[in-house]
Amino acid sequence: MQVRKQFPFAIFEPAWQRHWLEQSTFRAANPGEPGSEKPKYYALDMFPYPSGAGLHVGHPEGWIATDIISRQKRMKGFNVLHPMGWDAFGQPAENEAIKRKLNPREMVREFAATYKQQFDIVGLSYDWDREINSSDPNYYKWTQWLFLLLYQKGLAYRRNAPVNWCPVDKTVLANEEVVNGRCWRCDTVVQKRQMPQWFFKITAYADRLLNDLDGLNWPEGIRSMQRNWIGRSEGAEVDFVVEGREDKLRIFTTRPDTLWGATFMVLAPEHPLVKEIASESQRAAVDAYVLRAQHISDIDRLAEGKEKTGVWTGAYAVNPVNNSPVPIWIADYVLMGYGTGAIMAVPAHDQRDFEFAKKFDLPIVQVIDGGVAVEMEAYTGDGALINSGPLNGSPGGKEAAKKISQWLLEQGMGQPVVTFKLRDWLISRQRYWGAPIPIIHCPEHGEVPVHDADLPVKLPDVAHYEPSGTGEAPLATIPEFVNTACPVCGGPARRETDTMGGFACSSWYFLRFADPHNDSAPFSRESVDYWLPVDMYVGGAEHAVMHLLYARFWTKVLYDAGLVGFVEPFSTLRNQGMMLAYTPGRKPSHEDEAEETDGEPIEDWKVLRPEELATYPKDQIIYRWVKMSKSLRNVVTPDETAEKYGADALRVYEMFVAPFEETVQWSEDGIRGSAKFLQRVYRLTAQYVDGFSRIGWREKIERGLSDPEKALRRKTHQTIAKVTDDLESFRFNTSVAALMEWVNLMYEVSNALPKGRRSSALDEAIEYLIRLIAPYAPHLADELWEALGNDGFLYRNPWPISDANIAKADEITLIVQINGKVRDKMTAPADADNASIVALALASPRIRELLGGAEPKKVIPVAGKLVNIVI
RNA sequence: GGGGAAGUGGUGUAAUGGCAGCCACGCUAGUCUUAGGAACUAGUGCCGCAAGGCGUGGGGGUUCAAGUCCCCCCUUCCCCA
């Protein structure tokens, strides 16, 4: 092997990628095949939508991490499933196809091919035999089959419902897809519409989805987001009688313990009773207010700090616990869609009620003693109940709330209830590019599921598929698709023309990877029993409450149906951090502000277009760290980076630059360090390739090592342990630092060696270095492994095991402190006990001088570390 | 407003309650008879000639010992309202 100035990654990286591909190196053994007797490991990336915007260096961070884990697990003797596929159905793909005036089917195929090529450039070790595409009929056949499974279990149903309508994407959205009142895809303000829609009854699993979170090895942040999204709250429903009427007003409250403090009620303007109870004198004001509220979005209605508005209806209700009359108001801060659309207002202990009471001069009665009078703001803390009749003196809070709900039940005034914020999952989309919902509407038999044998209901090939804008699905305009026969009576019937939102496809794809070619079932029980659950799942945190919740839900449904034997699909989850780019921009101009459509927020910063960048005054350019994305024109691609520095350098750098889950400010300044490190590995190895013998160093290693060689050997075994540990806990950055330290020491030992001499300790280090670095820099490792005279791929060779006896230091630096400040350092035997290190410390001339004969008040020895002398 | 994460050199970062700053970037000086976006050597938290002192967003506390644990406050990011 020639020692070159620049290590020739451009030659050997593509060569090894070719070898791996040609020999199906990373094919996972199915149950029953040779290799399946090994323990299994399933490392999964969230499957991407292959966008035409292509990849940037932020995308591969997670893929590199799972790849490193996969490669290491193979070396540790696991049968590793590491698959990849395409989340090809859904709005993102369809919108892009419309914009580019392409057929989505062909577009996705083309983009997926590009992605695949980019994966290969980074050296990712996927088992491409298992590639899946959610828009392939062989895949969505089973998505439809699973829809029918949910339908038969009563977990899929159709009803007329007010839904989130995106006027730009021309379809409805699930609650989870509405972000701050806007469409998650195009950022348009969503509208409310009444339409018949399909739902999955995820609410039936709310408690299980909540409880099972506890056992998962997931980031706490994601689990808490799911808990908040599910939003379980215990409270009570209380009935208030409307004075002079039969009607009862039912309210929900999480604070039944403050019932005595309810001094008025507030109804949502849309509440059905509003019209009936409004008094003659108030009617005009009420009608005007109701009309006005219709034009304000939910977001604005709930906005914090907004001046409260409202109108008295002229009616009174009766507080059931003390029979006081309470006026009934309407106000837009109460929403019809939440709870019962009516609240009891307790101004003393709820801030919004407090503001309302102040504004309209309503009575405020304090019922929880917070130590001070409620004057400037509501008191929401705990305390003893006051002004609460029979409950005076007992503590308020959760326990009291429970007791009072029970008491309300006994009195027939209400009952304890558990509510969830979680709503049923809206799955209908009035779009073309999705799996058709396999239901037929028959005039005689109503909704009829399509027979299994008739699946898949194929998406027809059409020239035009743009959404109509009327809310009617594009499929409805295709008679050949719509008109069909009823599976029950054979009479004329119409197919359902809504398609499923993309999250249906991604709710089970991790199961299909276990058995991707099965054409008689979505997957065999045997395959999922062997491969699932996923041992390591990695992706972006943006899927916290959508995909991850839906996939958990489907898994539980499948468990109940006996199709899988586990209740949680992803044992361990890790999220990579965001990738930011330093991006030139400018203040918005007046033209920009004029361009903004009404209701759009005005950004305080605009990215500079390339043509602007050249001419814009330098001193007015404002640089910011913002998310890397095509639309901000700040993308750095993995291909260009790999071409410049090598795929291995890119991999090592992305792992080294920051802790895995941290946000990264991308810059090329550091990557040269990673490339340099790999080059140092290459050159060091090249120096000792001639005459290297794996047997040779093992025979000699026990004899005649110099002190530096012994130190190197210690470092070798310490590093093996460190890297192994760090990989287990996803601390890639510190593991790379440990490898660098070790290589630096190897150079020291090597440079001190007489020319032409070799050292068995160095040979040992080199061999283990190549193995340890293999998951991070697989091309370089295979190249060096071969250069050392070995056959085959490195991943078939075992991961090194650290020898604890060798790793153990026999000497330590003993720190001697006086009053906690370091005053002396000395070497001491590593196993010296407390008594001997105290003796050593006190014997130090420097310490004796500083003590000046004074008797220490206290001496604290910490064996193996330090002695602290207190004077 | 609620929930979560975080704040350490010029920069990215590292530190089972036990020497703050490992590793890397950058920078400074030097070596290699040309050149340098190469390689190597040495140095590099701040103040100070030095001895030494000071230092982990701010303020308290616990401890022989606090970046780390507790309380209060400030700032940034993410999620939910």
G9(B): syn or anti, per glycosidic angle within 90° of 0:
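In terms of base orientation relative to the sugar, G9(B) is syn.
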Is there a side-chain contact between [X] and the phosphate of [N], meaning an N or O under 4.0 Å from OP1 or OP2?
X: Asn744(A); N: A24(B); result: yes
X: Arg672(A); N: G26(B); result: yes
X: Lys676(A); N: G26(B); result: no
X: Arg680(A); N: C40(B); result: yes

Would you mind telling me which of G12(B), C80(B), C19(B) lies closest to the side-chain atoms of Phe656(A)?
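The nucleotide sitting nearest to the side chain is G12(B).
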Measure from the side chain of Arg683(A), starting at C-beta and using heavy atoms only, and say which of A39(B), G3(B), C64(B) lies closest.
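My answer, after comparing the listed nucleotides, is A39(B).
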Is there a Watson-Crick or G-U wobble partner for A39(B) with both distances under 3.5 Å, and if so, which one is it?
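A39(B) is paired with U31(B).
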Is C77(B) paired to anything, Watson-Crick or G-U wobble with both distances less than 3.5 Å, and if yes, which nucleotide?
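C77(B) is paired with G4(B).
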Check: Lys825(A) side chain, C19(B) base, donor-acceptor under 3.5 Å
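Side chain to base: pair present.
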Please evaluate the base of C64(B) for a donor-acceptor partner in the side chain of Asn868(A) within a cut-off of under 3.5 Å?
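Yes, the side chain and the base share a sub-3.5 Å donor-acceptor pair.
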Is there a salt bridge (charged side-chain N to carboxylate O under 4.0 Å, His left out) between Arg227(A) and Asp214(A)? Walk through the geometry before answering.
CA-CA 10 Å; Arg227(A) 282 189 199 106; Asp214(A) 293 341; 3.4 Å; yes
NA contact type, Pro659(A), heavy-atom cut-off 4.0 Å: base, sugar-phosphate, or nothing?
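Sugar-phosphate only.
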